[in-house]
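Okay, structure first, notes after.
The first residue of the sequence shown is numbered 1, and numbering continues consecutively from there. Note: hydrogens, waters and symmetry copies are ignored here, and every other heavy atom, side chains too, is used. Order of appearance sets the numbers: ligands from 1, and atoms from 1 within every ligand.
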Amino acid sequence: MINLQQTQLMDYLAKSRLRVDTQLDALMPALDVYPELIHESMRYSIFAGGKRFRPALTLAAFDACGGQGDAALDTACALEMIHTYSLIHDDLPAMDDDDMRRGMPSNHKKFGEDMAILAGDALLTLAFYVMDERVVKDIALAIGSEGVVGGQVVDILLNKGVLSKDLKLMEFIHRYKTGALIAVSCLAGAKIAGASADTCARIKRYGEHIGLAFQIIDDVFDDENYAELLGVDKAREVAQGCVLNAKRELECLPKEQRGILELLADFVVQRDD
Ligand code: GRG
């Protein structure tokens, strides 16, 4: 990536983060709303940092498809709430049992397992309250038992030794556990912008490709799964292939409207966290 493009992407990510964080603050119950403890727990994890990659995709897909103004902003925030809920529940002792998240003690370490479960539940519920009605079904489908939850189930079965690790299984887990939320984040932006069914389908496929690449690069960082099965260099090569496939899907848009989505696809393989 040349420096000008890097600056353009960093500028876009900083602006979209500011919009999303300001709106999240407005949408989430304030700290002094009774019962204060749950709102503290929800806000703790939402404002613990994070790249805000999923809402950035929603806003970029919305812009790329000709959307105007803030019509996709609440849905972008809803997708970050769902992502944060998934991280809180993923960290629980019954799941990955992680003590740290986003550089801070994980939610259950700070608030206890009871509040962490409820903070996740409340974030998920609030997300459905604030999102655009036109994308409720898409998002529900993407994160349920035939989406993110399904991917998590297969991952648990793998970790329990019920299933054995191979590329086909890893691709399934990555496409569902990580890719489904990334893909629907893209689709939501396109749909709210009023894009045609064909464009929506291609923007969703763009999201599926970068979702797979995103998780393969996480594997490279952690030296597991794809990196363990293929080696780091080959895993990076596969992720780069996904990015090329993703960019091909953008050919449905006028060239001058593809820029940020192309840069976000490159970001997936070039990021360092
Ligand atoms: C149905 C959404 C949902 C959750 C219930 C717990 C669970 C089922 C699923 C786990 C999903 C999960 C945690 C997938 C990993 C996704 C992933 C790559 C997380 C890291 O994303 P980044 O790097 O994190 O974007 P930041 O902190 O930058 O936002």
Residue, atom name and distance, where the atom is the protein heavy atom closest to [atom]:
atom	value
atom 15 (C) of ligand 1	Thr178 OG1, 3.8 Å
atom 1 (C) of ligand 1	Ile143 O, 3.0 Å
atom 14 (C) of ligand 1	Lys177 CE, 3.5 Å
atom 6 (C) of ligand 1	Ser86 O, 3.5 Å
atom 24 (O) of ligand 1	His83 NE2, 3.6 Å
atom 10 (C) of ligand 1	Gln152 OE1, 3.5 Å

- So, for Leu253 and Arg258, which heavy atoms are closest and what is the spacing to 0.1 Å?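 Smallest interatomic distance, heavy atoms only, reads O-NE, 2.9 Å.
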- Within 45° of the ring axis of Phe214 and under 6.0 Å from its six-membered ring centre, is that where the NZ or CZ of Arg271 lies?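 Here Arg271 passes the 6.0 Å and 45° test against Phe214.
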Test: [X] and [Y] ion pair at under 4.0 Å:
X	Y	value
Asp198	Arg202	no
Arg134	Asp132	yes
Glu80	Arg52	yes
Asp266	Lys247	yes
Glu237	Lys234	yes
Asp70	Arg19	yes

- Message: I'd like to check whether Arg271 has a polar contact with ligand 1, where a contact means an N/O of the residue lying under 3.5 Å from an N/O of the ligand.
- Response: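 So ligand 1 has no N or O lying under 3.5 Å from an N or O of Arg271.
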Heavy-atom distances under 4.0 Å decide this one: backbone, side chain, both or neither, for [X] against ligand 1?
X	value
Arg54	side chain
Lys51	both
Asp218	side chain
Arg101	neither
Arg52	neither

- Taking only residues two or more places apart in sequence, or in another chain, which ones meet Ser16 in a side-chain hydrogen bond (donor to acceptor under 3.5 Å, both in side chains)?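 Listed in chain order: nothing, the list is empty.
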- Message: In terms of relative ring orientation, are His89 and Tyr85 parallel, tilted or perpendicular, with 30° and 60° separating the classes?
- Response: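 Rings of His89 and Tyr85: perpendicular, over 60°.
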- Non-hydrogen atoms of Tyr85 versus ligand 1: any pair closer than 4.0 Å?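 It does; at least one heavy atom falls under 4.0 Å.
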- Below 4.0 Å from any atom of ligand 1, is there a heavy atom belonging to Met95?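 No, Met95 has no heavy atoms under 4.0 Å from ligand 1.
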- Message: For His174 and Tyr226, I'd like to know if the aromatic rings sit close, meaning centre-to-centre distance below 6.0 Å.
- Response: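 Yes, the ring of His174 comes within the 6.0 Å limit of the ring of Tyr226, centre to centre.
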Contact atoms of ligand 1, heavy-atom distance to [X] under 4.0 Å:
X	result
Gln215	18 (C)
Val148	1 (C), 2 (C), 3 (C), 9 (C), 11 (C)
Gly50	26 (P), 27 (O), 28 (O), 29 (O)
Arg102	26 (P), 27 (O), 29 (O)
Val149	1 (C)

Return a table of donor-acceptor pairs under 3.5 angstrom between the side chains of residues 110-118 and protein atoms on other chains or two or more places apart.
none

- Task: Out of Asp90, Thr84, Ile82, indicate the one that has the non-hydrogen atom closest to atom 13 (C) of ligand 1.
- Result: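 The residue whose heavy atom sits nearest atom 13 (C) of ligand 1 is Asp90.
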